[in-house]
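Heads up: numbering here begins at 1 and tracks the sequence.
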Amino acid sequence: MSTYNLQWSPSSLHHLAQGRYAHFFALVLKGEVLYIGKSFRCELASVIVERIAQLGIDHANLEIFLGRIRDVGMDRIGVASVDAIYELLVFARKPQYNHVGNSKYTGTNDLQVVNVGCNSLPAKLRAENQMVFVSKMANSVSAATIPAC
């Protein structure tokens, strides 16, 4: 099983240009994840600002979290691994503004993602045997299993 550890850190629209890189970003409002996006090999400031404008989200109270893959073991960080992690994150959280990937997980099986730094995301996700396992979040009380198809 491939395990990826994601370190999430808060940011703001004003500090995005100073960010080095991020593989993912999450737009959070009042603890609810509104959108999860990929920013792998993209300019952070332009991709996030453009997405907020396209979605028409009021950014006054919006929290922005940047996710970076850490601790990948023997695997390499490439487009395929970023896509697989992204699909798992979207399927597990079903953000309001992500319209693709909410109803069916077609990504990689035998994948585990550990999230640190964003309480709005589950601490651990795992895709195995056509099932997606979602651990409890920091502010919830139980774990859940979601059929992948």
Side-chain angles (χ1 to χ4, degrees), residues 1-73 75-108 111-127 132-146 148:
M1 177 170 292
S2 297
T3 300
Y4 295 90
N5 294 311
L6 272 59
Q7 177 67 52
W8 294 87
S9 56
S11 188
S12 69
L13 288 175
H14 305 294
H15 294 101
L16 288 174
Q18 299 166 351
R20 291 189 346 249
Y21 72 94
H23 299 100
F24 309 98
F25 64 94
L27 305 178
V28 179
L29 183 63
K30 298 179 184 172
E32 179 188 351
V33 178
L34 299 179
Y35 184 82
I36 297 173
K38 290 187 290 186
S39 52
F40 184 57
R41 297 183 179 164
C42 296
E43 184 183 325
L44 275 176
S46 63
V47 73
I48 295 173
V49 170
E50 182 179 305
R51 183 58 59 185
I52 291 170
Q54 286 175 345
L55 297 172
I57 298 173
D58 180 18
H59 62 274
N61 295 315
L62 190 66
E63 294 178 275
I64 300 170
F65 286 88
L66 303 178
R68 295 172 178 92
I69 299 172
R70 303 277 190 222
D71 227 12
V72 296
D75 295 326
R76 293 178 37 158
I77 300 172
V79 174
S81 56
V82 169
D83 287 346
I85 294 166
Y86 172 74
E87 288 178 31
L88 186 57
L89 287 167
V90 169
F91 180 74
R93 289 304 303 137
K94 300 180 184 345
Q96 175 182 346
Y97 289 99
N98 285 90
H99 300 293
V100 176
N102 281 344
S103 61
K104 185 175 182 179
Y105 176 70
T106 58
T108 306
L111 174 67
Q112 181 170 283
V113 175
V114 177
N115 291 299
V116 176
C118 181
N119 290 337
S120 299
L121 293 170
K124 190 182 292 184
L125 304 168
R126 188 173 84 238
V132 173
F133 299 90
V134 181
S135 75
K136 63 181 178 180
M137 298 181 349
N139 58 358
S140 78
V141 293
S142 64
T145 303
I146 307 169

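In this structure, CD on Gln54 lies 8.0 Å from OH on Tyr35, to the nearest 0.5 angstrom. Annotation: the span from Asn98 atom CG to Leu89 atom CG amounts to 9.5 Å, rounded to 0.5 Å. Lys104 contributes atom NZ, which lies 12.0 Å from atom CD of Glu87 (distance to the nearest 0.5 angstrom). For the atom pair CZ of Arg126 and OG1 of Thr3, the computed distance is 10.0 Å after rounding to the nearest 0.5 Å. Annotation: the span from Ile64 atom CD1 to Arg51 atom CZ amounts to 13.5 Å, rounded to 0.5 Å. We find the CD1-CD1 distance between Ile85 and Ile69 to be 3.5 Å, quoted to the nearest 0.5 Å.
Of all heavy-atom pairs between Ala22 and Ser39, the closest is O-OG, 2.9 Å. Scanning both residues, Tyr105 and Ala127, for their nearest heavy atoms gives CE2-CB, 3.6 Å. The shortest non-hydrogen separation linking Ala84 to Leu111 is O-CD2, 3.7 Å. Among all heavy-atom pairs drawn from Pro122 and Ser135, the shortest one is CB-O, 3.6 Å. Heavy-atom minimum distance, Cys118 versus Trp8: CB-CB, 3.7 Å. Nearest heavy atom pair, residue Leu29 against residue Leu62, reads CD1-N, 4.2 Å.
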Show the numbers, then the answer: is there a side chain to side chain contact (heavy atoms under 4.5 Å, CB included) between Leu88 and Val132? CA-CA 8 Å; Leu88 186 57; Val132 173; 3.7 Å; yes
Evaluate the side chain to side chain contact (heavy atoms under 4.5 Å, CB included) criterion for residues Leu34 and Leu55: first the C-alpha distance (whole Å), next the side-chain angles of each, then the deciding distance (0.1 Å), finally the verdict. CA-CA 10 Å; Leu34 299 179; Leu55 297 172; over 6 Å; no
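Note on ring orientation: taking the six-membered ring where Trp is involved, the planes of Tyr86 and Phe24 are parallel (angle under 30°, cut-offs 30° and 60°).
In this structure the side chain of Leu6 reaches within 4.5 angstrom of the side chain of Val113, judged on heavy atoms. Within the 4.5 Å cutoff, the side chain of Val79 has heavy atoms near those of the Arg41 side chain.
Judged as a salt bridge (Lys or Arg N to Asp or Glu O under 4.0 Å), and not counting sequence neighbours, the contacts of Lys38 are Asp83.
Looking at Ser9 and Arg68, their side chains do bring a donor and an acceptor atom within 3.5 Å of each other.
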